[in-house]
Amino acid sequence: MFLEQSARSKYPAIKDLMRPDPHIKWTVTGLVLSQLLACWLVQGLAWRWLFFWAYAFGGCVNHSLTLAIHDISHNTAFGTGRPAHNRWFAIFANLPVGVPYAASFKKYHVDHHRYLGGDGLDVDIPTHLEGWFFCTPARKLLWLVLQPFFYSLRPLCVNPKAVTRMEVLNTLVQLVVDAAIFALWGIKPVAYLLASSLLGLGLHPISGHFVAEHYMFLKGHETYSYYGPLNWITFNVGYHMEHHDFPSIPGCNLPLVRKIAPEYYDHLPQHHSWVKVLWDFVFEDSLGPYARVKRVCKLAEDRL
């Protein structure tokens, strides 16, 4: 893992992949507009159908948008020279999620890359309480269902940080949009958006990536890639080894990293199904919230 220097020196073409994604702005805009159209359409739906479509359609769209926010947090929409444009575009991508997310994600995701597995620094690592309690198949299943809550609340417990200006602005923009949707179309569209996020980020096929990325399915391997078809709707987040090696390369170009330098990736353990990842996580005794590599990291002086 982390073969950036050797791969870049051997394959200079990899550096050319470190450029903004020319399509992400239009893809994200289309996803946001599709959810706004869905808000209009669900006004007259029965609640049971509203929740069905929130899982089957809205869950896919909102989860995809959170992964677009992940990609944009690496300045892939407008490039490193226009960080403010990236931050505001992430807030735009955040709108159908229903709750403010983008600015806080950016703040903590820096540490995930800088201190991968760092005790008290990488908030992607489950807490001791999570590992102790969610240790049976039924409890692990519940943990997957509640993943959105753990993912959003864990940073406040493990590594609380001061609220930033962008987080305040993210919250204000989100509240205004939520209020506007409620004023225009009533409570059902708001419930649809929130249900899309909670269901789509919970026990959902796409959510397999949460477990697939860094849980230790094989001893000695803490990061895994997935090269299956769900990458098409998740901004290639499955190319996770490649992403950690080259975080400044947008998701659209990560398959090219593997194509250019296959000897660095093809021999590594990889996942072939996120659904199977979830199944194994629930029913394999060796897997659970504890199945993560945790290390003590020295705090960098220029921490963001």
Side-chain angles (χ1 to χ4, degrees), residues 23-73 77 85-106 142 144-153 155-156 163 166-210 230 232-235 237 274:
H23 306 297
I24 194 170
K25 295 183 285 292
W26 311 113
T27 303
V28 166
T29 299
L31 291 172
V32 171
L33 292 178
S34 72
Q35 280 295 70
L36 290 178
L37 175 61
C39 284
W40 179 73
L41 292 172
V42 302
Q43 294 175 81
L45 279 185
W47 284 103
R48 64 181 181 278
W49 287 110
L50 184 148
F51 288 115
F52 170 81
W53 286 113
Y55 184 87
F57 176 76
C60 296
V61 175
N62 277 15
H63 201 137
S64 183
L65 283 169
T66 65
L67 294 172
I69 290 169
H70 163 258
D71 218 35
I72 297 164
S73 74
H85 288 68
N86 289 292
R87 300 293 82 75
W88 279 106
F89 190 63
I91 288 174
F92 170 71
N94 192 156
L95 296 180
V97 177
V99 294
Y101 164 81
S104 297
F105 177 83
K106 166 67 177 177
L142 177 62
L144 293 173
V145 171
L146 299 177
Q147 187 67 209
F149 297 100
F150 290 115
Y151 199 77
S152 58
L153 297 176
L156 304 178
V163 176
M166 285 305 298
E167 286 179 295
V168 173
L169 293 172
N170 189 177
T171 301
L172 291 175
V173 170
Q174 190 66 55
L175 289 175
V176 167
V177 171
D178 288 348
I181 291 173
F182 174 75
L184 287 170
W185 300 318
I187 191 62
K188 282 189 174 180
V190 177
Y192 164 78
L193 292 179
L194 293 175
S196 295
S197 296
L198 293 176
L199 297 174
L201 294 167
L203 189 61
H204 193 281
I206 298 177
S207 293
H209 81 88
F210 286 129
L230 287 178
W232 300 341
I233 59 172
T234 58
F235 297 89
V237 74
W274 280 341

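All figures in this text were calculated on a predicted structure; none of them were measured in a lab.
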Seminar exercise, completed: In this structure, CG of Leu36 is separated from CD1 of Ile181 (nearest 0.5 Å) by 5.5 Å
Problem set entry | Distance-minimising heavy-atom pair for Gly200 and Ser207 | O-OG, 3.1 Å
Exercise. Is it the case that more than 12 heavy atoms not belonging to Trp185 sit under 6.0 Å from its CH2 atom?
Worked result: yes
For this session: Over all heavy atoms of both residues, which pair between Leu201 and Thr66 is shortest? Give the atoms and the distance, please.
Result: CD2-OG1, 3.9 Å
Exercise. Between Ser197 and Val99, is any pair of side-chain heavy atoms under 4.5 Å apart?
Worked result: no
Could you pull out all donor-acceptor pairs under 3.5 Å where a side-chain atom in residues 38-50 meets a protein atom, sequence neighbours excluded?
unit_1 : atom_1 : unit_2 : atom_2 : d
Gln43  : NE2    : Trp40  : O      : 2.7

For this session: Return the minimal non-hydrogen interatomic distance between Trp274 and Pro205, and the atom names on each side.
Result: CB-O, 3.5 Å
Problem set entry | Heavy-atom closest contact (Ile72 atom, Ala90 atom, distance) | CG2-CB, 4.0 Å
Problem set entry | Closest heavy-atom pair and its distance - Ser152, Leu156 | O-CG, 4.4 Å
For this session: Determine yes or no for a side-chain-to-main-chain donor-acceptor pair under 3.5 angstrom, with Ser64 supplying the side chain and Ile233 the backbone.
Result: yes
Exercise. Is a donor on one side and an acceptor on the other found under 3.5 Å between the side chain of Thr27 and the backbone of Ile24?
Worked result: no
For this session: Without swapping roles, check the side chain of Thr171 against the backbone of Glu167 for a donor-acceptor pair under 3.5 Å.
Result: yes
Exercise. Is there a side-chain contact between Val173 and Trp88, using heavy atoms and a 4.5 Å cut-off?
Worked result: yes
Exercise. Any donor and acceptor pair, going by atom type alone, linking the side chain of Thr29 with main-chain N or O of Trp26 inside 3.5 Å?
Worked result: no
Seminar exercise, completed: Rounded to the nearest 0.5 Å, the CG atom of Asn94 sits from the CG atom of Asn170 at a distance of 5.0 Å
For this session: Determine the sole option in Phe210, Tyr101, Tyr151 for which the ring-ring contact (aromatic ring centres under 6.0 Å, His included) test with His63 is passed.
Result: Phe210
Problem set entry | Distance, nearest 0.5 Å, that separates CD1 of Ile69 from CG of Leu67 | 9.0 Å
Problem set entry | Any donor-acceptor N/O pair, Asn62 side chain to Ser196 backbone, under 3.5 Å | no
Problem set entry | Close side-chain approach of Pro96 to Val61, heavy-atom, < 4.5 Å | no
For this session: Heavy atoms only: give me the nearest Pro155-Phe150 pair and the separation to one decimal.
Result: CD-O, 4.4 Å
Exercise. Mind checking what makes side chain to side chain donor-acceptor pair (under 3.5 Å) contact with His204, not counting sequence neighbours?
Worked result: none
Exercise. Do the non-hydrogen side-chain atoms of Leu169 and Arg87 ever get within less than 4.5 Å of each other?
Worked result: no
Problem set entry | Between CG on residue Leu193 and CG on residue Leu198, distance to nearest 0.5 Å | 11.0 Å
For this session: Sequence neighbours left out, what passes side chain to side chain donor-acceptor pair (under 3.5 Å) with Tyr192? Give chain and number order.
Result: Gln35
